[in-house]
Structures are given as C-alpha cells and as structure tokens.
Amino acid sequence: MGARSSATRPRAVGRAAGLGLGGATLLTLLSGCSIADWGDAFGHFGWPSNGITLQAHEMYDLWIASTIAALAVGFGVWGLIFWCVIRYRKRGDELPVQTRFNMPMEILYTVTPVLIVAVLFYYTAIVQTNVDKLSKNPDQVVEVVAFKWNWQFNYRDGMGKDAGTVASTVGSSDVIPLLVLPVGQKIRFEETSRDVIHSFWVPEMLFKRDVFPGNVRNVFEVTLDKEGRYVGRCAELCGTYHAFMNFELVVVSPEKFDQFIAAKKAGSSTQEAMGAIGYTGDEVYATKTSPFNTRRQANTWNQPETTAAGK
C-alpha cells in the first residue's frame with residue numbers, strides 16, 4: 001500500500017503541474033490579444049461589430065469575452081474527457097480500482113462552475129446597468145412619436161411629457177424623416193405612440209425599445225461615437241404598412257447639430273436645415289433608404305399599372 005501511494009504522488013504532482021502550465025499558457029494567450037483582436041480573428045462570434053454607441057461597444061465586449069470564457073471551459077472539459085478515455089481505457093479483464101469519491105475533485109467541480117457563473121453574472125449586471133442608465137442632465141432630449149405608418153421627431157427643451165418642443169421633423173409617404181443628432185453627447189429618447197405599439201430601432205445601435213400608446217413613455221439614452229447615416233426601422237408588426245415605416249439617423253458633429261437646430265428654430269424645413277450644415281443635392285434627403293410606393297394596385301403590390309383597386 002505504501003509503495004502504491006508513493007508511486008501515485010509523482011503522477012498527481014505531474015497532473016497539477018500540467019494543469020498549471022496549461023492555465024498559465026491560456027492566460028498568456030488571452031492577455032496578448034485585446035477583445036477586438038479576438039473578435040476580428042473569429043468573425044466576432046456572430047455578434048454585429050458595427051456598433052455606433054458606447055453602449056453597443058460594451059455589449060460587444062461582453063459577448064466576445066463570454067464566448068472566449070465558454071470556449072475555454074469547453075476545451076477544458078473536452079480535454080478531460082479525452083484524457084480519461086485514453087488514460088483509463090480497458091487494458092484487460094482485471095477490475096479497475098473502485099473509488100467511492102474524490103473529495104478534492106468534487107470540490108473543484110462544485111466551486112469552479114459557481115465562480116464562472118458569478119463572474120459572468122457580475123459583468124452582465126454591470127453592462128446591463130450601463131445600457132439602461134439614465135443621466136440627470138442629458139445633453140439632448142428627443143421625443144420619438146410613432147404613428148401609422150411613419151415617425152415624428154421632436155427636439156425638446158427638457159425631460160418629460162410637459163417639456164416644450166423647439167424643433168420637429170415629421171415623415172410622410174413621399175419623404176423619409178431624418179433624425180439629426182450630435183456625436184459624443186448623451187442623447188435621451190422618450191418614446192410614445194399615437195395609435196398602436198411600434199418599436200424604435202436603429203440596427204447599428206444594437207438596441208431597440210418598443211413604443212407604446214397611452215401614458216407609457218419608454219425612455220433610454222445612448223452616446224453616439226461615430227458620424228454617418230444609418231437606416232432606422234419599426235421592429236414591431238404594427239399593421240399593413242409596417243415594412244414601409246423607415247427613417248434615417250444622421251450623426252453629425254456638435255457644431256453642425258447646433259447649426260441644424262438653429263435653422264429649424266428659424267423656420268427652415270428639415271431639408272433646408274440640412275443644406276445649412278453643408279449637405280447638397282439629394283444629400284438633404286435620406287440616402288440610405290427611400291420611400292416605398294404605398295399604393296395598392298389592381299392585381300398586386302407596387303406593379304406598374306396606373307389604376308388602383310376600386311378605381
């Protein structure tokens with residue numbers, strides 16, 4: 001018995017050393033690459049990488065880090081399975097040593113999952129809190145008013161339904177509404193609907209929230225960090241022309257945004273205000289999406305016939 005115990009000690013020490021070496025190697029590999037490097041190398045693990053808000057970047061980092069952690073655990077488990085299959089494969093008819101329990105191993109298999117879940121829960125709670133966080137004094141407040149089947153964007157002088165509207169943009173069947181916002185500022189969205197449930201969604205924000213009728217005003221904030229033009233949509237099936245309910249988000253510098261609002265306050269239309277901040281020609285209209293033909297024809301949708309049904 002003594003000889004057997006002394007013989008197994010070197011094996012145990014070797015296994016522990018191997019696990020320690022493997023863990024150190026994994027940590028070295030992970031520390032040598034940033035989250036963005038891992039995302040770029042593996043196709044972002046299925047998560048969109050084109051986020052345009054600080055909140056979108058936080059969610060992206062959480063997804064990549066969680067996936068890496070899950071893969072590390074998965075490879076560890078698979079490695080142990082194959083090691084057991086090879087190490088303890090049948091070598092003869094002799095019955096192997098029967099072990100009732102292994103206390104250190106059972107403690108390890110209990111503590112490790114609890115630690116993993118606790119760490120993932122901790123970082124998930126932090127990111128979720130930051131995404132839903134509302135500041136006391138946002139830089140800009142926009143009231144999003146949805147209706148069948150278009151959008152109205154009201155630039156407000158304060159928070160809440162009793163605040164005043166200083167400028168407004170309303171979409172129509174012929175003109176896609178433009179939502180012009182500044183980069184690098186806290187934007188507070190306050191949503192309300194005039195009829196049914198809609199959903200305010202810009203895919204590049206990696207975030208959307210439903211727009212309810214009545215007294216319910218859904219509120220959220222983002223900080224845009226990239227200038228550009230992005231298509232917005234209604235993401236809630238709201239009726240016949242739900243698919244036509246688009247808008248365009250135009251992210252500009254704070255200076256251009258101030259000029260845009262000043263032009264709107266002076267009585268300019270949205271297209272005239274776009275011209276005042278340097279856009280020309282078709283750029284004063286939506287460039288990433290265009291109005292759909294909402295006329296139902298005699299036989300089907302959007303066909304070249306000139307006579308509508310019932311005419």
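Keep in mind that the numbers below use all heavy atoms, side chains included, and drop hydrogens, waters and symmetry copies.
Counting Ile, Leu, Val, Met, Phe, Trp and Tyr side chains that sit under 4.5 Å apart, directly or through other members, Trp201 stands alone, with no cluster partners. Grouped by direct or indirect side-chain proximity (heavy atoms under 4.5 Å, Ile/Leu/Val/Met/Phe/Trp/Tyr only), Ile81 sits with Val73, Val77, Val85, Ile116, Leu120. Residue Val170 belongs to a hydrophobic cluster whose other members are Phe147, with links defined by side-chain heavy atoms closer than 4.5 Å. Applying the under-4.5 Å side-chain rule to Ile, Leu, Val, Met, Phe, Trp and Tyr, the cluster around Val219 extends to Leu134.
Gln271 places a side-chain N or O within 3.5 Å of a backbone atom of Val284 that can act as its donor or acceptor partner. Between the side chain of Glu191 and the main chain of Phe212, no donor-acceptor pair closer than 3.5 Å is present.
Aromatic ring centres of Phe75 and Trp78 lie closer together than 6.0 Å.
For residues 268-283, no residue pair satisfies the salt bridge (charged side-chain N to carboxylate O under 4.0 Å, His left out) rule, not counting sequence neighbours. Sorted by first then second residue, the salt bridge (charged side-chain N to carboxylate O under 4.0 Å, His left out) pairs that include residues 68-86, not counting sequence neighbours, number zero. Applying the salt bridge (charged side-chain N to carboxylate O under 4.0 Å, His left out) test to residues at least two apart or on different chains, the pairs with a partner in residues 219-240 are Arg188-Glu221, Arg229-Glu248.
Across Thr270, Thr169, Leu249, Val250, a single residue satisfies side chain to side chain contact (heavy atoms under 4.5 Å, CB included) together with Val180, and that is Val250.
Val166 meets the side-chain contact (heavy atoms from CB on, under 4.5 Å) test with Tyr155, Asp157, Lys265; sequence neighbours excluded. Tyr122 meets the side-chain contact (heavy atoms from CB on, under 4.5 Å) test with Ile126; sequence neighbours excluded. Checked against side-chain contact (heavy atoms from CB on, under 4.5 Å), Thr129 has no partners two or more places apart in sequence or in another chain. Applying the side-chain contact (heavy atoms from CB on, under 4.5 Å) test to Tyr109 and every residue at least two apart in sequence or in another chain returns Leu80, Met105. Scored by the salt bridge (Lys or Arg N to Asp or Glu O under 4.0 Å) test, Asp132 finds Arg209 as partners (sequence neighbours excluded).
Using a 4.5 Å heavy-atom threshold, the side chains of Pro254 and Val183 count as touching.
Taking a 6.0 Å sphere around CD of Glu94, one finds it holds 12 or fewer heavy atoms contributed by other residues, nucleotides or ligands. For Phe207, the CZ atom counts as densely surrounded, since its 6.0 Å shell holds more than 12 non-hydrogen atoms of other residues, nucleotides or ligands.
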Quiz item: Is there a side chain to side chain contact (heavy atoms under 4.5 Å, CB included) between Lys288 and Tyr230 once you walk through the steps?
Solution: CA-CA 7 Å; Lys288 299 296 184 179; Tyr230 311 94; over 6 Å; no
